[in-house]
Amino acid sequence: MSPGGVFLGVDVGTGSARAGLFDEKGKLLGSASSPIQIWKEKDCIEQSSTDIWHAVCAAVKSACSLANVAPDGVVGLGFAATCSLVAVDADGSPVSVSWSGDARRNIIVWMDHRAVDQADRINARNSPVLQYCGGGVSPEMQAPKLLWVKENLQESWPMVCRWMDLSDWLAYRATGDDTRSLCTTVCKWTYLGHAHMEQWRESDSRDMEACGWDEVFWEEIGLGDLVEGNRAKIGRSVAFPGHPLGSGLTPTSAKELGLLPGTPVGTSLIDAHAGGVGVMESVPDAGSEAGSSDEEAICRRMVLVCGTSTCHMAVSKNKLFIPGVWGPFWSAMVPEYWLTEGGQSATGALIDYIVQNHAAAPLLAKNAASQSVSIFELMNKMLISMSHEQNLPFLSALSQDTHVLPDFHGNRSPVADPKSKGVICGLTLDTSEMHLALLYLATIQAIAYGTRHIVEHCNTNGHKIDTLLACGGLAKNSLYIQEHADIIGCPIILPRESESVLLGAAVLGAVAAKKFPGVRDAMKSLNAAGEVVHPSSDPRVKKYHDAKYQIFRSLYEQQLSHRSAMSQALQ
């Protein structure tokens, strides 16, 4: 099996659908994006699968045009998407999951937190399956959201024929095959992927009857009706990411996408996991891993997929149970490896929030536009100037009086507290652009301290992570990456191709087209390293961040104390 042809990756993020085409060496030939609609009402955040499919079709056509690739040049395609929950009826038409009753709004977006109470009640049962998701489900996972719909939208509930993760729905919409992915079901649906360990080795089959559902769990939490009829509503069969689905693109979807019917489509990945597949083998040929086996080396890496939120992906050959961190998930990203998945629920979204809600935001935007740079590039320049003007030993020291706890949308890992709140310590009456730049720096540092907490927690519980790889929109910000390297004390490898999530999705198409024997083989051929960012060698920088990190950790402890005091006062 040899490489060749052009591979198409599609990624549906929180705000847009994107498509990218890659050659047989993993080089990006062209990409395009199309915006998608979103409805936000307090904790309820919804989207439309119809709108998303139209955006996907527009992005694919634009990317093919920009890359000058004809339909017959695309030999395989794969989908990645946020882990949002899609509801469709027997005809594949949308079913509303909204209080509004609007049928277009048939997706509960991944970041939706309407099901906090349902998650608490599920976790109180201490089901054995919960040990495989860090000890408890998050309100961002599917079981709590499903329970919320059953309890609150009685008209919609019986109408739904299929409940699907968004990336699985995209693959189903494209091929008519509703085989689910081990990635989505294991990571978000409490599916026990390791139930297949012996089965698939004996049969050498990658298309597997769904034997990993714990039916007792679903019955105990009040969703027993979802496992009736051979689990048709949540998944009769599952497969490894990259498994070829059905007969490829159906004539209808091929026409809508501007591609050829029968084009192979691989079983999908969640977008963050696609980022992992797109970057995890992006390591320089020679380096710190010299002398270690291939199997050992990959287990020392953690991928940071830095977008609206950040996911922290690490793999191991043995299952590691880490409190407050999702997993271990068998074969959910790299086949035959256990996945550990940490995360921060708001990173890019938090930085945007901090900037957009500051009094100086309009002036900053105006000045950035006049200089033809992004607001982030402008703030990075301002911070360099400020550190020189104040004669500071290093730029990070600008934030010495400003401390941030970044839990504005709860804490996903490692304390797994969706009720945690954000904290900003050190505010003044300053409303200048310079103050905004300072708050932006302190927020970036807070996000990096959160990642340090996750890395330390994982290493305390059996991992040996010493190298980070970063991808996603935030990875393009040099200040963001340097602060992370300095704070965590690890080198950070950036990929040659910045569109790592699209590349990971394209890997699925390459495997489905049988251009590679498996996902790991495709990763080794298509991943490539770019710049390596090293931590500062100045001992003063380490001393500074060690001190700020202790303050960061104390902010959460103080919050718990405050929460307890107020709870007692209200009794």
Side-chain angles (χ1 to χ4, degrees), residues 42-45 83 109-127 129-145 147-148 187-188 190 221 272 304 308-312 321-328 340-350 353-354 403-425 443 445-461 548-571:
K42 296 184 179 179
D43 287 333
C44 295
I45 308 173
C83 49
V109 179
W110 66 271
M111 64 169 69
D112 182 291
H113 272 203
R114 71 182 70 184
V116 171
D117 174 60
Q118 285 76 12
D120 286 345
R121 283 189 274 132
I122 290 170
N123 291 335
R125 292 187 169 274
N126 293 317
S127 169
V129 301
L130 299 180
Q131 66 182 310
Y132 288 93
C133 48
V137 293
S138 158
E140 294 174 15
M141 293 179 179
Q142 309 305 17
K145 291 174 178 172
L147 186 57
W148 184 94
C187 295
K188 303 300 169 187
T190 72
I221 67 171
L304 309 183
T308 303
S309 63
T310 293
C311 291
H312 305 68
F321 294 97
I322 305 176
V325 177
W326 295 348
T340 292
E341 182 185 348
Q344 292 164 292
S345 294
T347 51
L350 175 58
Y353 173 85
I354 292 293
H403 308 283
V404 176
L405 184 68
D407 297 354
F408 285 57
H409 198 56
N411 183 290
R412 188 186 299 170
S413 306
V415 298
D417 181 358
K419 297 175 183 175
S420 184
K421 303 291 188 289
V423 176
I424 301 175
C425 177
T443 302
Q445 291 171 342
I447 293 167
Y449 297 132
T451 292
R452 174 172 167 173
H453 194 189
I454 291 167
V455 172
E456 289 182 355
H457 186 67
C458 288
N459 284 346
T460 298
N461 284 277
K548 278 208 79 173
Y549 179 60
Q550 293 307 316
I551 294 170
F552 163 85
R553 294 287 299 270
S554 74
L555 290 176
Y556 179 70
E557 296 304 321
Q558 289 172 25
Q559 181 181 157
L560 289 181
S561 175
H562 299 163
R563 198 190 292 176
S564 175
M566 297 314 299
S567 176
Q568 289 176 19
L570 288 168
Q571 284 179 358

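Source: prediction; values computed, not measured.
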Query raised in the report: So which pairs with a foot in residues 554-568 pass salt bridge (Lys or Arg N to Asp or Glu O under 4.0 Å), sequence neighbours left out?
Result: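 Output for this query lists Asp417-Arg563.
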In the structure I gave you, are the side-chain heavy atoms of [X] and [Y] within less than 4.5 Å of one another anywhere?
X: Leu147; Y: Arg121; result: yes
X: Met141; Y: Trp326; result: yes
X: Val404; Y: Tyr449; result: no

Work out which heavy atom in [X] is nearest to a heavy atom in [Y]; give both atom names and the distance.
X: Gly342; Y: Ile454; value: CA-CG2, 4.4 Å
X: Ile447; Y: Gln344; value: O-NE2, 2.9 Å
X: Ala143; Y: Ile221; value: CB-CD1, 4.2 Å
X: Ala119; Y: Ser138; value: CB-C, 4.2 Å
X: Phe321; Y: Pro328; value: CD2-CD, 3.5 Å
X: Gln142; Y: Cys83; value: NE2-O, 3.2 Å

Partners meeting side chain to side chain contact (heavy atoms under 4.5 Å, CB included) with [X] (sequence neighbours left out):
X: Ser309; value: Trp110, Arg412
X: Val423; value: Leu405, Leu555, Gln559
X: Asp112; value: Cys44, Ile45, Ile108, Arg114, Lys145
X: Ala349; value: Thr308, Ala346

Query raised in the report: Under 3.5 Å, is there a donor-acceptor pair between the Asp407 and Ser420 side chains?
Result: yes
Sequence neighbours excluded, which residues qualify as ring pair (Phe, Tyr, Trp, His ring centres under 6.0 Å) partners of [X]?
X: His453; value: none
X: His409; value: His113
X: Tyr556; value: none

Query raised in the report: Considering the options Leu304, Thr340, Val325, which one meets the side chain to side chain contact (heavy atoms under 4.5 Å, CB included) requirement together with His312?
Result: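 Passing option: Leu304.
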Of all residues at least two apart in sequence or in a different chain, which pass the salt bridge (Lys or Arg N to Asp or Glu O under 4.0 Å) check with [X]?
X: Asp120; result: Lys419
X: Lys421; result: none
X: Lys188; result: Glu341

Per-pair distances, 0.1 Å, donor-acceptor, side chain in residues 564-571, under 3.5 Å, sequence neighbours excluded:
| from | atom 1 | to | atom 2 | distance (Å) |
| --- | --- | --- | --- | --- |
| Ser564 | OG | Gln568 | NE2 | 3.3 |

Report summary line: CD1 (Ile424) and OG1 (Thr443) are apart, to the nearest 0.5 Å, by 6.0 Å
Query raised in the report: Is it the case that more than 12 heavy atoms not belonging to Tyr549 sit under 6.0 Å from its OH atom?
Result: yes
